[in-house]
Number of protein chains: 2
Amino acid sequence: MQSAVQLLADIDAEAPLELQPSLERSVNFRLRMAQILAYKSFEAKVPDHGGAARYLGLLSIICQNPGQSQIKLAEAVGLQRSSLVPILDKMEANGILERRAVDGDRRSNAVWPTDHGQAVVADLTAQALELETRTLDGLSAEETDQLLGLMDRVITNLRRG
Amino acid sequence: MQSAVQLLADIDAEAPLELQPSLERSVNFRLRMAQILAYKSFEAKVPDHGGAARYLGLLSIICQNPGQSQIKLAEAVGLQRSSLVPILDKMEANGILERRAVDGDRRSNAVWPTDHGQAVVADLTAQALELETRTLDGLSAEETDQLLGLMDRVITNLRRG
DNA sequence: ACTGGATTGATCGAAGTCGAACAATTGGAT
DNA sequence: ATCCAATTGTTCGACTTCGATCAATCCAGT
């Protein structure tokens, strides 16, 4: 059986290029490749909903934790708070979320989903689950659990890094 | 045991924000998070060598497959060929690689590493292996093999997606 | 009550990536 | 030989993210 670790060019190339053998055997390299493929796969097939598809993680957090400040949201998704501003601007303009004033702190905004935003998240989440199903095709329930558990341990290690 | 799947904010936050439960259990979400963490972890600790650290994968390919065209290199690392131009410009200016004329096709460039470029790749590859060791801390050899195998299957699935 | 440092959101410039162009070149069909 | 589509590298404008900075606001210490 051929290793799935080939370079991205292999998708439609004749003579695959090679990496240093030590990199080719690396989990980190696979992480990068899998993430790129998953990202492209998702964005390619999903209606954009005005920027929502790209930031489903963010929007999901907003729905599950309505009323958070922008700074907490930025931290939660690993963006700078300055990067979040135009993203929220766009989603607000598209009627997906609202910025509301916080009483007790006039610096802060509370970010709330609109009804439309909640519907969009539900739709996109369903499509993310479809991608998940495709991603895990052929893996048994036990193997899926193994993979999730091992990835959790890797993530814990990287956090401490 | 607590799940490693928390949002990135948890690194130094008090009250973790939550995702939709279905997303929280997802391999794709973990892929994204792990990749972000690994990327930051690597770039944070490694000397830049004039842009080489960021493009270790590319540089590794160039060393293992010297003389390739820019278009093949771009495909191999998943970049547009237009995006590769300033990257190669910079590395060429820093003496890490060369663009040589190809006899038989005057449109094409052959990209070759310099001696210095090869030394840089060796150095960076060693540091990538260190990150790999940290990433896999606590995993047995069998578990590491399991993880690599499962990720290969996931990647194969994503390719077909 | 006041002051100084911290926090929040916003703004700006720099850098990276993409996609649509473009010029030069190649190769195939006639 | 000649034309026309495809290929290669490049340039350009749009968009995204970051880091530094700013104004407004909050809060702790006095």
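By convention in this document, chain letters (A, B, ...) are assigned in the order of the sequence lines, proteins followed by strands, and residues within each chain are numbered from 1.
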Legend entry - d(NZ, B:Lys72; P, D:dG9) in whole Å: 11 Å
Legend entry - Integer-rounded Å distance: C:dA10 C1' and A:Glu92 CD: 13 Å
Legend entry - B:Thr156 side chain vs B:Asp152 backbone, donor-acceptor pair below 3.5 Å: yes
Inset, instruction - Apply side chain to side chain donor-acceptor pair (under 3.5 Å) to the pair B:His49 and B:Asn94, showing each step before the final yes or no. - result: CA-CA 8 Å; B:His49 287 301; B:Asn94 287 52; over 6 Å; no
Inset, instruction - Ignoring the backbone of B:Arg99, work out which of C:dT8, D:dT10, C:dA10 is nearest its side chain. - result: D:dT10
Inset, instruction - Look at the side chain of B:Ser83 against the base of C:dG16 and say whether a donor-acceptor pair falls under 3.5 Å; ignore hydrogens and angles. - result: no
Legend entry - Spacing of A:Met91 atom CE relative to D:dT16 atom P, expressed in whole Å: 11 Å
Legend entry - Under 4.0 angstrom between B:Gln80 side-chain N/O and C:dG19 OP1 or OP2: yes
Inset, instruction - Report the nucleotide, chosen from C:dT26, D:dT16, C:dG9, that has the shortest atom-to-atom distance to any side-chain atom of A:Ile71. - result: C:dG9
Inset, instruction - Round to a whole Å and report the spacing from CG of A:Leu84 to P of C:dT8. - result: 13 Å
Legend entry - Length of the line joining B:Tyr55:OH and C:dA15:P, which is rounded to integer Å: 12 Å
Legend entry - Nucleotide D:dT8, atom C1' - distance to CD of B:Glu75 in whole Å: 11 Å
Legend entry - Distance in angstrom units between A:Arg106 CZ and C:dG9 P, rounded: 15 Å
Legend entry - side chain to side chain donor-acceptor pair (under 3.5 Å) evaluation trace for A:Ser69 with A:Asn109: CA-CA 5 Å; A:Ser69 68; A:Asn109 291 331; over 6 Å; no
Legend entry - Sugar-phosphate only, base, or nothing, as touched by A:Arg81 at under 4.0 Å among non-hydrogen atoms: base
Legend entry - Selection from D:dT10, D:dG19, C:dT8 that lies nearest to any side-chain heavy atom of B:Ser82: D:dT10
Inset, instruction - Measure distances between side-chain N and O atoms of B:Arg107 and base N and O atoms of D:dT7, and say whether any donor-acceptor pair falls under 3.5 Å. - result: yes
Legend entry - Sidechain-backbone polar pair: A:Asn65 side chain, B:Glu18 backbone, donor-acceptor under 3.5 Å: yes
Legend entry - Under-4.0 Å side-chain N/O to phosphate OP1/OP2 contact, A:Ser108 with C:dG9: yes
Inset, instruction - For the pair B:Glu143 (side chain) and B:Ser140 (backbone), establish whether a donor and an acceptor sit closer than 3.5 Å, ignoring hydrogens and angles. - result: yes
Inset, instruction - Could you say whether B:Asp89 or B:Asp105 is positioned toward the 5' end of DNA chain D, judged by the nucleotide with the nearest heavy atom to each? - result: B:Asp105
Inset, instruction - Write down the distance between NZ (B:Lys90) and P (C:dT17), rounded to a whole number of angstrom. - result: 10 Å
Legend entry - A:Val85, nearest nucleotide to its side chain (from D:dT17, D:dG9, C:dA10): C:dA10
